[in-house]
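As the structure is a prediction and not an experimental result, all values here were calculated from the model.
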Amino acid sequence: MRGPVAPPQVPLSASRADTFRDLVQDSVERLERRWPQLAEVDFMVLDVPVAAEDSVPLGSALSAAKGRPAQIVVYRRPVEIRTKGRDERALLVHEVVVEQVAELLGLSPESVDPRYGQD
């Protein structure tokens, strides 16, 4: 009989991509308490950036356009490569989300999250 080794609610069955999405969601929820307008923004996770650039971005922000809400994208693989463990990854994910929200809102990262850069 074949099937999953562990039930879905057990962390063992979460993939790296699922775990990464959870880190992004945790960061977004933390910021939405202070910035309720973020509920209108689509937050996405992509494995890698689509366009080839000189440097590899960790995230990107797109302003709202006609018929499309604002979007913030966090790139999973570049973030994972730059971190060693879950705690370090969670900190970097939060920094990337804060930076992209700041760019979208036209604010400094410190205005978006006063604890930015202090962890």
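Heavy-atom contacts from other residues, nucleotides or ligands closer than 6.0 Å to CD of Glu29 number more than 12. Within a 6.0 Å sphere centred on CZ of Arg86, other residues, nucleotides and ligands contribute 12 heavy atoms or fewer.
Atom NE2 of residue His94 and atom OH of residue Tyr116 lie 10.0 Å apart, to the nearest 0.5 angstrom. The distance from the CG atom of Leu105 to the CG atom of Leu38 is 6.0 Å, given to the nearest 0.5 Å. Distance CZ/Phe20 to CZ/Arg89: 8.0 Å, rounded to 0.5 Å. Summarising the geometry, atom CD belonging to Glu103 is positioned 8.0 Å from atom OG belonging to Ser63; distances are rounded to the nearest 0.5 Å. Between atom CG of residue Asp18 and atom CG of residue Leu23 there is a gap of 11.0 Å, rounded to the nearest 0.5 Å.
The side chain to side chain contact (heavy atoms under 4.5 Å, CB included) test with Val101 is passed by exactly one of Val28, Val41, Leu31: Leu31. The only option from Ile72, Val93, Val96 that meets the side chain to side chain contact (heavy atoms under 4.5 Å, CB included) definition with Val24 turns out to be Val93.
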As a quick check of understanding, evaluate salt bridge (Lys or Arg N to Asp or Glu O under 4.0 Å) for Arg30 and Asp113, giving each step before the final call. CA-CA 9 Å; Arg30 210 166 116 186; Asp113 184 356; 3.6 Å; yes

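Clustering of Ile, Leu, Val, Met, Phe, Trp and Tyr side chains at separations under 4.5 Å places Val73 together with Met44, Leu46, Tyr75.
A donor and an acceptor atom, one from each side chain of Thr19 and Asp22, are nowhere located under 3.5 Å apart.
Taking each heavy atom of Val79 and Thr83 in turn, the nearest pair found is O-OG1, 3.1 Å. Across every non-hydrogen atom of Leu107 and Trp35, the tightest pair is CD1-CH2, 3.5 Å.
With sequence neighbours excluded, the residues satisfying salt bridge (Lys or Arg N to Asp or Glu O under 4.0 Å) with Glu80 are Arg16, Arg76, Arg77. With sequence neighbours excluded, the residues satisfying side chain to side chain contact (heavy atoms under 4.5 Å, CB included) with Arg82 are Val56, Leu58, Pro78, Leu92.
Inter-residue side-chain proximity for Leu62 and Arg68 is flagged as met; some heavy-atom pair is nearer than 4.5 Å.
In this structure a side-chain-to-backbone donor-acceptor pair under 3.5 Å is present from Gln100 to Ala61.
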